[in-house]
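The block underneath contains the structure these notes are about, expressed in structure tokens.
All figures in this text were calculated on a predicted structure; none of them were measured in a lab. First the proteins, then the strands, lettered A, B, ... as listed; each starts at 1.
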Number of protein chains: 2
Amino acid sequence: MVRLIDVARAAGVSQGTASNTFNNPTLVRPALREKVEAAARALGYGGPDLRGSLLRTGKFNAVAVRPPSQWTIAESLRNPVFSEFLLGVGSVCDANGADLVVSSGRLDASGGTKALVDGMIFLRVEHMAEVEPARLRRMPVVVMDFDAGSEISSVHVDTRIGAREAARHLLDLGHRRFGIMSFLRDPGAARVFPPGTARPPAAAGTVVDQQKYLGYADALAEVGLDIAAIPMVQAEVNDARAAGLLLDAAPQATAILSMSVMQGIALLGEARRRGLSVPRDLSVVAYNDIEAATRCDPPLSTVDSLTRERGALAAKLIFERGPARHERLTPRLVVRASTASPRT
Amino acid sequence: MVRLIDVARAAGVSQGTASNTFNNPTLVRPALREKVEAAARALGYGGPDLRGSLLRTGKFNAVAVRPPSQWTIAESLRNPVFSEFLLGVGSVCDANGADLVVSSGRLDASGGTKALVDGMIFLRVEHMAEVEPARLRRMPVVVMDFDAGSEISSVHVDTRIGAREAARHLLDLGHRRFGIMSFLRDPGAARVFPPGTARPPAAAGTVVDQQKYLGYADALAEVGLDIAAIPMVQAEVNDARAAGLLLDAAPQATAILSMSVMQGIALLGEARRRGLSVPRDLSVVAYNDIEAATRCDPPLSTVDSLTRERGALAAKLIFERGPARHERLTPRLVVRASTASPRT
DNA sequence: AGCGAAACTTGAATCGATTCAAGTACGGAA
DNA sequence: TTCCGTACTTGAATCGATTCAAGTTTCGCT
């Protein structure tokens, strides 16, 4: 392998001059520069090796996004909300001339992180320990929706408030009979919870999903409804039968509170198969406003949790390299055509 | 910043032993290992710095995907076909415990590449020069749909054959009156080409798109039709007016040959607005089979150009680190509900 | 020619680890 | 007690560049 010093020797200059030829060409007299470049070409030298310069300069010019632990890269990319988040991060990387690294949530069982990056953005952290290795490296870290202490930057979104707004919207339209489509905490078969069934305390999958449930409960309580009295289905995100189970379990529902766009779309499909017109016979709200929500028929009313904006904000915090900051965003309801007053 | 040698000194062992404690724990007597670990904790040492070990070992454990030049990271991620490709690459990264790097096509105007990766996958290369810096670094490189010489691995897909199959499918169904929806070579306003209008030689945007045009032409020629006699619109991928322009320009068409799923979906929307039923009144085929094609109404018949598979294959070639290989895949037609025989 | 300033070069130190040949300590066998 | 092999440890060399104080050349002026 040709090294800088080989080029320098071949060109009859010192290594320092050779280095300048590549990094500060203006410091080198043109004739000499030419000589060094010729030597480099002759030897097939492809410019300073990144490892060496990295060691000296310490800049990687890259930001990593770490999906929730256990998610593979492929699983992450398959998730449209994750992709939307990446888009936000990516746009800020573009502005800073940095690369975007998608790492696996599964790597580094050792707890070590091997990403060659200047900073990391953690999605859905569940224990401080996940962040610890990066912190020890004094690497800028941003965690999403998790409080890792005042020393570590974080970006939060008020999921509970967003969910409350969504439910209020349906209540304002006059709905009083609902169905809830939620997630399982662990992989498995869909579970149906008829009205009044005992439910796990937070009644949903991830911490974020639990906040949605609580937000729905808040709004329902405001008009004297008990969320426990509402039929609910918990299912994996791509469970094809889930929508059907819910419509069976909540036959008189005029509106469905769901926790993701994918579920919302599945509900639209199932409603259509059953000859129900959305929103005339059934209103549907979903969570997370991604492009797919605008393209389905009818376009879904959703809670926009500012996924892309949050990605961009997190990336900005990384590049700022300032003291830790804690940002909090409030989601907003986007009303489209999947919600309307119930038939009278 | 704490260094390995500081830890070693604090623990009263040599640097070599300290290194082994982290990398080959079994070589170190447990008692000593414990001492080193305690020292590391006490000093807040976060494990061997990546720069140093990188310099020695040379492995980055990451693969970069380079979008077409000029594309930013955000633009790339916004492209669903690109995302699909990433998914393929990502799944192989998962299997190899590597990270996935999305770099910008815009970086490195200098021609240098600064990606900290073991290998690079280039999408839509147009000049050898784009690949040269990576090659000089003796870094494994795979280029997609471009012949960069026998020394550089490549993965090709027979776009022309795929397009020919798509057009044959419509011809077999009995269609004889078409419209073509294509791309502009450069950004700009949509252009309408009435039948028989002079067209640029390859009549489309990128080299790959040109292949689609030629493939359509091949099939049409087989039944004696001249593609130049077919109304065509060239537009940017997200030009909202394009679908309308084409349907205006080809009022008697019974089938549309389009060059992307996004265009195909736009056509479905425009047809619906005009009260045309797809596929009864109008058949539509699109190119590239991504998930969106299965979710629209009706699901689109498309040419599956094996995007994900190609991504996975390219990544495999990177990790193999063997001699250059040249793979060629044949796309296949996926018939869904957007194509049918024309009304008689 | 002589001088000083400007412009360019040099070479050694440094970045933070890994590696491996050579050395030491220890325990068991003779 | 001596010797030997095993099991750890050590320390120096190495990876490939960047940096910068110190040294050298060049050039314009008088």
Side-chain angles (χ1 to χ4, degrees), chain A residues 1-37 39-40 43-61 110 112-116 118 133 136-139, chain B residues 1-37 39-40 43-61 110 112-116 118 133 136-139:
Chain A
M1 202 62 207
V2 188
R3 306 195 312 288
L4 180 61
I5 194 161
D6 301 323
V7 174
R9 278 205 259 268
V13 301
S14 77
Q15 189 171 181
T17 299
S19 175
N20 280 333
T21 305
F22 292 101
N23 299 298
N24 304 82
T26 56
L27 290 184
V28 181
R29 193 157 36 97
L32 209 49
R33 196 193 313 162
E34 181 60 37
K35 212 154 89 179
V36 173
E37 279 162 359
L43 294 172
Y45 181 69
D49 186 290
L50 294 161
R51 287 184 287 272
S53 39
L54 204 61
L55 182 56
R56 236 3 262 206
T57 62
K59 290 283 298 170
F60 291 99
N61 278 311
S110 66
T113 172
K114 65 176 181 16
L116 300 160
D118 302 304
L136 276 175
R137 288 192 195 284
R138 314 234 191 298
M139 181 186 278
Chain B
M1 201 62 209
V2 189
R3 306 196 310 289
L4 180 61
I5 194 162
D6 302 322
V7 174
R9 278 206 257 268
V13 301
S14 77
Q15 188 169 182
T17 298
S19 175
N20 279 332
T21 304
F22 292 101
N23 300 298
N24 304 81
T26 56
L27 289 184
V28 182
R29 194 157 37 96
L32 209 49
R33 197 194 312 163
E34 181 60 38
K35 211 154 92 181
V36 174
E37 280 161 359
L43 295 171
Y45 181 70
D49 187 288
L50 294 161
R51 287 184 287 273
S53 42
L54 205 59
L55 181 56
R56 241 353 268 208
T57 62
K59 290 282 297 171
F60 291 98
N61 279 313
S110 65
T113 172
K114 66 173 178 20
L116 300 161
D118 302 305
L136 276 175
R137 292 246 147 87
R138 313 235 191 300
M139 181 186 277

Taking the side chain of [X] as its heavy atoms from C-beta onward, which of [options] lies nearest to it?
{"X": "A/Gln15", "options": "C/dA17, D/dA17, C/dT18", "result": "D/dA17"}
{"X": "A/Thr57", "options": "C/dG16, D/dT19, D/dA17", "result": "D/dT19"}
{"X": "A/Leu55", "options": "C/dT18, D/dT18, C/dC15", "result": "C/dC15"}

- request: Taking the side chain as every heavy atom from C-beta outward, state whether B/Val36 and B/Val13 have any atom pair closer than 4.5 Å.
  value: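 In short, these two side chains touch, coming nearer than 4.5 Å.
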task: Evaluate the side-chain proximity of A/Thr21 to A/Glu37: yes if any heavy-atom separation is below 4.5 Å, no if none is.
output: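 Counting from C-beta outward, A/Glu37 and A/Thr21 do come under 4.5 Å.
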Which part of the nucleic acid, if any, lies within reach of [X] when heavy atoms closer than 4.0 Å are counted: base, sugar-phosphate only, or nothing?
{"X": "A/Asn20", "result": "nothing"}
{"X": "A/Thr17", "result": "base"}
{"X": "B/Arg3", "result": "sugar-phosphate"}
{"X": "B/Tyr45", "result": "sugar-phosphate"}
{"X": "A/Arg29", "result": "sugar-phosphate"}
{"X": "A/Leu32", "result": "sugar-phosphate"}

Return the value, rounded to whole Å, for the distance between atom [atom1] of [X] and atom [atom2] of [N].
{"X": "A/Leu43", "N": "D/dG16", "atom1": "CG", "atom2": "P", "value": "14 Å"}
{"X": "A/Arg56", "N": "C/dA17", "atom1": "CZ", "atom2": "P", "value": "15 Å"}
{"X": "B/Leu27", "N": "D/dA7", "atom1": "CG", "atom2": "P", "value": "11 Å"}
{"X": "A/Leu50", "N": "D/dC15", "atom1": "CG", "atom2": "P", "value": "18 Å"}
{"X": "B/Ile5", "N": "C/dT18", "atom1": "CD1", "atom2": "P", "value": "13 Å"}
{"X": "A/Asn23", "N": "D/dT19", "atom1": "CG", "atom2": "P", "value": "7 Å"}
{"X": "B/Phe22", "N": "C/dA17", "atom1": "CZ", "atom2": "P", "value": "9 Å"}
{"X": "A/Asn24", "N": "D/dT19", "atom1": "CG", "atom2": "C1'", "value": "10 Å"}

query: Closest heavy-atom contact between B/Ala8 and B/Ser14?
result: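 It is CB-O, 3.6 Å.
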field: Gap separating the CG atom of A/Leu4 from the CG atom of A/Leu43, nearest 0.5 angstrom
entry: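 That separation rounds to 11.0 Å.
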- request: Nearest 0.5 Å please: distance from the CG atom of A/Asp49 over to the CG atom of A/Leu55.
  value: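 Going from the CG atom of A/Asp49 to the CG atom of A/Leu55 covers 11.0 Å.
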message: OP1 or OP2 of D/dT9 versus the side-chain N and O atoms of B/Ser14: is any pair under 4.0 Å?
response: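 The answer is no; no side-chain N or O of B/Ser14 sits under 4.0 Å from OP1 or OP2.
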- request: Would you please confirm or rule out a distance under 4.0 Å between OP1 or OP2 of C/dA17 and any side-chain N or O of B/Ser53?
  value: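 No.
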field: Comparing A/Leu4 and B/Thr26 on DNA chain D - which has the more 5′ nearest nucleotide
entry: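 By nearest-heavy-atom nucleotide position, the 5'-most residue is B/Thr26.
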